[in-house]
Amino acid sequence: SQTAEAVEKYYGISKDDFLAQAKASNYVEEYPFLKDAVSANDSLEGYLFPKTYTFESTPSADTIIRAMLDQYKEETSDLNFDAARIDLKARYNLDLTDEQILTVASIVEKEASNQEDRGNVASVIYNRLSQGMPLQSDATLAYSLGREPTADELQTLTDDKYNTYAHDELTPTPICSPGLNALKAALRPNNTDYLYFWITKNEHVFSKTYDEHLEAINNSKDKESSQ
């Protein structure tokens, strides 16, 4: 939706028209990496690669989408999703599609602030999934609501599949278009036993137990966000 808003602002293509065109089924024949997206939700969420794009003339929605899909294809050409799925199955006993790995990368993109954090956040996500724990990411419900959720909403909006406090699986779609570094972290997470993290502007603390996590929060001087 944010991409659609930017397209409307700069090129006068209505947000609704862009979103109507941005269906995986419209492009899967030319971009086979979209096959999981078609069967899952038919959304291009996550595949419109984040980058600055310049067009010589006023483009159509289709032209813009193709440019972003071409960029995704180019940026990910050296990434081995097949090997990653095998590795993640061996490490976490998780059978994941490429779309689900992209979804993990999108959550990493929203939760982490540097590459070391990205690798650790990815490990937290996979560790929780492997143990049947909810991810409890505020960022996933924020995607659904279009704003930061309140503490009450995290507890009460239990029917929303993007509420990872209420559901112990990945969200139906990615929650943003992850950059290359987040994708790399999702494909090859750090090898940790972490189940919790506390990441703020000044602090980056990962914990194995809830007690350690509470201690990190209680000792924090910068209580802005947590997981």
Side-chain angles (χ1 to χ4, degrees), residues 1-3 6 24 31 33-34 36-37 43-54 64-65 67-92 94 96-130 135-143 148 162 164 170-171 173-207 222 224-227:
S1 62
Q2 291 176 337
T3 300
Y31 302 93
F33 55 80
L34 294 174
D36 291 339
S43 170
L44 289 179
E45 189 71 76
Y47 295 94
L48 302 180
F49 199 84
K51 205 174 184 75
T52 299
Y53 295 86
T54 302
I64 295 171
I65 289 169
M68 301 184 85
L69 291 175
D70 285 341
Q71 192 65 40
Y72 177 92
K73 181 179 179 181
E74 179 181 341
E75 296 281 351
T76 62
S77 61
D78 292 333
L79 302 183
N80 193 331
F81 279 80
D82 291 337
R85 285 199 308 274
I86 293 170
D87 180 58
L88 294 171
K89 171 66 173 179
R91 291 170 63 180
Y92 303 100
L94 295 170
L96 300 170
T97 65
D98 291 0
E99 167 94 352
Q100 289 173 317
I101 295 173
L102 181 64
T103 298
V104 170
S106 73
I107 299 172
V108 170
E109 181 72 37
K110 287 295 187 180
E111 294 284 10
S113 58
N114 59 51
Q115 193 57 19
E116 182 65 22
D117 282 355
R118 292 184 187 100
N120 286 335
V121 169
S123 77
V124 170
I125 293 171
Y126 289 126
N127 285 336
R128 283 183 166 237
L129 289 173
S130 70
L135 299 184
Q136 296 184 311
S137 168
D138 292 13
T140 60
L141 187 55
Y143 169 82
E148 290 300 315
Y162 290 90
T164 51
L170 286 168
T171 53
T173 68
I175 62 168
C176 70
S177 293
L180 187 59
N181 287 330
L183 277 164
K184 289 180 177 179
L187 289 164
R188 189 175 292 276
N190 292 347
N191 188 19
T192 80
D193 295 324
Y194 296 140
L195 292 171
Y196 304 88
F197 58 80
W198 169 263
I199 298 177
T200 68
K201 181 178 181 181
N202 301 305
E203 297 172 338
H204 311 258
V205 183
F206 292 82
S207 303
D222 191 8
E224 293 179 356
S225 61
S226 68
Q227 168 64 41

Mind listing the closest non-hydrogen atom pair of Ala24 and Ser43 along with its distance?
CB-O, 4.0 Å
Inter-residue atom distance Tyr53.OH - Met68.CE, 0.5 Å rounding:
4.5 Å
Contacts of Ala142 meeting side chain to side chain contact (heavy atoms under 4.5 Å, CB included) (sequence neighbours excluded), chain-then-number -> Glu148, Pro149
Does Tyr162 have any side chain to side chain donor-acceptor pair (under 3.5 Å) partners at least two apart in sequence or in another chain, and if so, which?
Thr173
Name all residues meeting the side chain to side chain donor-acceptor pair (under 3.5 Å) criterion together with Tyr92; count only those two or more places apart in sequence or in a different chain, and write none if there are none.
none
Identify every side-chain donor-acceptor pair in residues 180-193 under 3.5 Å, counting partners at least two apart or on other chains, and give the distances.
residue	atom	partner	partner atom	Å
Asn190	ND2	Asn120	OD1	2.9
Thr192	OG1	Ser123	OG	2.7
Thr192	OG1	Tyr194	N	3.1

Check: Pro50 main-chain N/O paired with Ser177 side-chain donor or acceptor under 3.5 Å
no
Going by the rule side chain to side chain contact (heavy atoms under 4.5 Å, CB included), which residues pair with Asp70 if we only count those two or more places apart in sequence or in a different chain?
Tyr31
Check: Thr76 side chain, Leu79 main-chain N or O, donor-acceptor pair, under 3.5 Å
no
Check Cys176 against Lys110 and note the closest heavy-atom contact, atom names and distance.
CB-CE, 3.8 Å
Using side chain to side chain donor-acceptor pair (under 3.5 Å) as the criterion, list what pairs up with Glu75, not counting sequence neighbours.
Lys51, Gln71
Can you sort out the partners of Lys73 under side chain to side chain contact (heavy atoms under 4.5 Å, CB included), two or more places apart, ordered by chain and number?
Phe33
The criterion is side chain to side chain donor-acceptor pair (under 3.5 Å); which residues satisfy it with Ser130, sequence neighbours excluded?
none
Sequence neighbours left out, cut at 3.5 Å: what donor-acceptor pairs do the side chains of residues 97-109 make with other protein atoms?
residue	atom	partner	partner atom	Å
Thr97	OG1	Glu99	N	3.4
Thr97	OG1	Gln100	N	3.1
Asp98	OD1	Arg85	NH1	2.4
Glu99	OE1	Tyr47	OH	2.5
Glu99	OE2	Asn41	ND2	3.2
Gln100	OE1	Thr97	N	2.9
Thr103	OG1	Glu99	O	3.0
Ser106	OG	Thr103	O	2.6
Ser106	OG	Ile175	N	2.9
Glu109	OE1	Gly179	N	2.9

Take a 6.0 Å sphere around CD of Gln115 and say whether it holds more than 12 heavy atoms from other residues, nucleotides or ligands.
yes
